[in-house]
2 protein chains.
Amino acid sequence: MSIVNCQLSIVPYYLFNLDIMSDIPFSLDQLRILKAIADEGSFKRAADSLFVSQPAISLQIQNLERQLSVPLFDRGGRKAQLTEAGKLLLAYGEKIITLCQETCRAIEDLQNLQGGTLIVGASQTTGTYLLPKMIGLFHEKYPYVSVQLQVHSTRRTSWAVANGQVDLAIIGGEVPSELQNVLEIIPYAEDELALILPPNHPLAERGTIVKEDLYGLNYIPLDSQSTIRKVLDKVLGRCEINTAELKIGMELNSIEAIKNAVQSGLGAAFVSVTAIEKELKMGILHRAHIEGIKINRTLSVIVNYSRYRSKAAEAFIKEILPHFSSENYIPQLQRLSAENKEYLDKNVEIKDS
Amino acid sequence: MSIVNCQLSIVPYYLFNLDIMSDIPFSLDQLRILKAIADEGSFKRAADSLFVSQPAISLQIQNLERQLSVPLFDRGGRKAQLTEAGKLLLAYGEKIITLCQETCRAIEDLQNLQGGTLIVGASQTTGTYLLPKMIGLFHEKYPYVSVQLQVHSTRRTSWAVANGQVDLAIIGGEVPSELQNVLEIIPYAEDELALILPPNHPLAERGTIVKEDLYGLNYIPLDSQSTIRKVLDKVLGRCEINTAELKIGMELNSIEAIKNAVQSGLGAAFVSVTAIEKELKMGILHRAHIEGIKINRTLSVIVNYSRYRSKAAEAFIKEILPHFSSENYIPQLQRLSAENKEYLDKNVEIKDS
DNA sequence: GAATAAATATATAACAAATACTTATTTTAT
DNA sequence: ATAAAATAAGTATTTGTTATATATTTATTC
């Protein structure tokens, strides 16, 4: 007789279903705390920014470190510095948080535009002079959707769209090359850059000016990184004007500041025609027309190919933009070039109400 | 209402976090519960599969529904049926959970040296002639850790270690005094400086040369800030040789350039013996031995006392360095002096494989 | 085939355990 | 001396538990 010794070993429960139900050794709150510390540079300030006490932060981070059995910060210094593991977790945490936020908005959308948030990005010029009108129209149609406008550089705006922090953006320059395959770029209007002078400037008396006059002026540019600068270099270069030889006065970082400077007689500047509507009407700025030269740039909407597109974003692109691609609304904006118009027609279904 | 967020400061693009933390109305646990219910088809069985009681599940789902203000299940029937919103949240939840698990794996990998980065600093000589071999060995053992080598002056390298920009460094000179309490300095080998001459130089014929011969030579030094210069001044000064009286030819900033210059008959130079291994073998440089003089310097590893030491740094110090502290590997390097050897033994546990 | 009992699933209530937060204080590094 | 983080002790909140109620389906019975 043999005795069958059938010993049932005790297996931890989490080994039963290996695939999905393993415990996750951190919480969303902990990730948010980690991010806050990284952003603010110290436990104390992170605590303030999250409206909790400092020990709460310390304890949560200690728990997190214990759960992961990895130190996340270099203690000791006055300011907390992330270790390599900390940086890694932060990078993933940001992804996770973004995905969670996307989730929230997707669910809000399900309530059929009765709520939710639309975040629109823009560069300086479009953000200041064009988008307020667009957002106004959108808000009239969808009063329950709250709209945020975030004005940043073209580069930063593009990244924000790529990362899903912004639903869509309107920019006037080139999308960074590393993002060109990630983003959908829909050209929708042409913006013209105008040369503005003080009304009492000698050149303002003449009807049109010529290429050579440009070398005599004192320019007030936006900082050299700006899109307007790049467009100018490109277009003027094509007209055989050496932008390097143009005299540069002070560099300002706001279009309003530039307008004021020109108006005060401090020099000339190139700015979008959308930005000087009022000033031209009031006669406090003069727009000079240069013989044979017209400086255009294409304004484009960018959205993220792969990400979930909210109902609100969809509505913005399909219902609001078309109103602004004709010159009825923004008379200064040019009609689209033929090929761009075709692209727009193909890609944006016009659902007029 | 629109919020114009116009921030002009320049921020690295990876920090582009535009949305300041908004609360996330669900927890990872809730997502896991949702998934369990979807998988199992009922609250009860989900509770069983998660080893909690059934009311716990009910309550969590109720909370979740309240937080999102959306019903997630069609109640009533025997089996809980997901609503539209429930399905959407489930789909996102699975993505989020997957991303969280990926995060865990990435961090575990970092712990197991299956990832991460090790940044090693070095001065010119060690960086050029010694570290490539060390890094090669490290890379063989830990192929998934990417290693960076940063070659700078001793001073700059020391600061980089102090600031945590570099995990560890190998230097041949003195750590700046203000950092001597911050850094752990582990001597691990002695490097000898040799006087090199063109093979056809008259002094090269003689077996050994004497102190006085040094005054007749034309020296090609590294720039005056370099460690080698300081060591030379110190050691030769001790031997009653006035370095100020030595004739200086051109100053070069690369050891390879100096070797070439000497080889071409442009003068003599002091360089590390580790740098001329090949040239001596090939007979294109002559090493002169000076009677009664031996110029040594201690090569040391420096690490930051107080900072968290990454697994990779630990492995480098404990597994790679010992191989290079004996003359088996770098025959030119001298054995450590007795006291230094003792220090090394005390501080570096040799885990030979 | 309607009424009723049994079975199963979810909800609620009351209470217990665990977790997280707070204030006050100490330690540490600048 | 100062500012930041860690620690300690007490409190509040959250989350879980058991026990029980309610609802819905299924089975049984007349």
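A note on names: the letters A, B, ... follow the listed sequences, proteins ahead of strands, and every chain is numbered from 1. Since this is a predicted model, take the numbers as computed values, not measurements.
Using modelled atom types, one finds no donor on one side chain facing an acceptor on the other under 3.5 Å when comparing B:Thr227 with B:Ser123.
Protein atom CG of B:Leu82 is 12 Å distant from nucleotide atom P of C:dT10, rounded to whole Å. Spacing between atom CD of B:Glu40 and atom C1' of C:dT8 amounts to 16 Å, rounded to whole angstrom units. For the pair B:Leu50 CG and D:dG16 C1', the computed distance is 13 Å after rounding to whole Å. Here C:dT19 presents its P atom at 16 Å from CG of B:Leu28, a figure rounded to the nearest Å. Remark: C1' of D:dT18 and NZ of B:Lys44 are 13 Å apart, rounded to the nearest angstrom. One can place CD1 of A:Ile61 at 16 Å from C1' of C:dT19, the figure rounded to the nearest angstrom. In this structure, CD of B:Gln54 is placed 14 Å from P of D:dA19, rounded to the nearest angstrom. Distance, A:Phe51 CZ to C:dT22 P: 12 Å, rounded to whole Å.
Across all strands shown, A:Gln60 has heavy atoms under 4.0 Å from sugar-phosphate atoms exclusively, and none from any base. If you check every strand for non-hydrogen atoms under 4.0 Å, A:Asn63 touches sugar and phosphate atoms only.
Here B:Arg45 does not pair with B:Asp39 in a salt bridge; the nearest charged N to carboxylate O distance is not below 4.0 Å. A salt bridge links A:Lys44 with A:Asp48: the distance from a Lys NZ or Arg NE/NH1/NH2 to an Asp or Glu carboxylate oxygen falls below 4.0 Å.
Between B:Ser53 and D:dG16 there is no side-chain N or O to OP1 or OP2 distance below 4.0 Å. In terms of phosphate contacts, A:Ser58 brings a side-chain nitrogen or oxygen within less than 4.0 Å of OP1 or OP2 of D:dA6. A:Gln62 has a side-chain polar atom (N or O) that falls below the 4.0 Å cut-off from OP1 or OP2 of D:dT7.
Listed nucleotides D:dG16, C:dT22, C:dT10 differ in distance to B:Leu59; the shortest reach to its side chain belongs to D:dG16. Closest to the side chain of A:Pro55, from the set C:dC21, C:dT12, C:dT23, is C:dT23. The side chain of A:Phe43 sits closest to D:dA6 out of C:dT10, D:dA6, C:dC21.
The shortest heavy-atom contact between A:Lys35 and A:Ile97 is CD-CD1, 4.3 Å.
By the 4.5 Å heavy-atom criterion applied to side chains, B:Val166 and B:Gln148 are not counted as neighbours.
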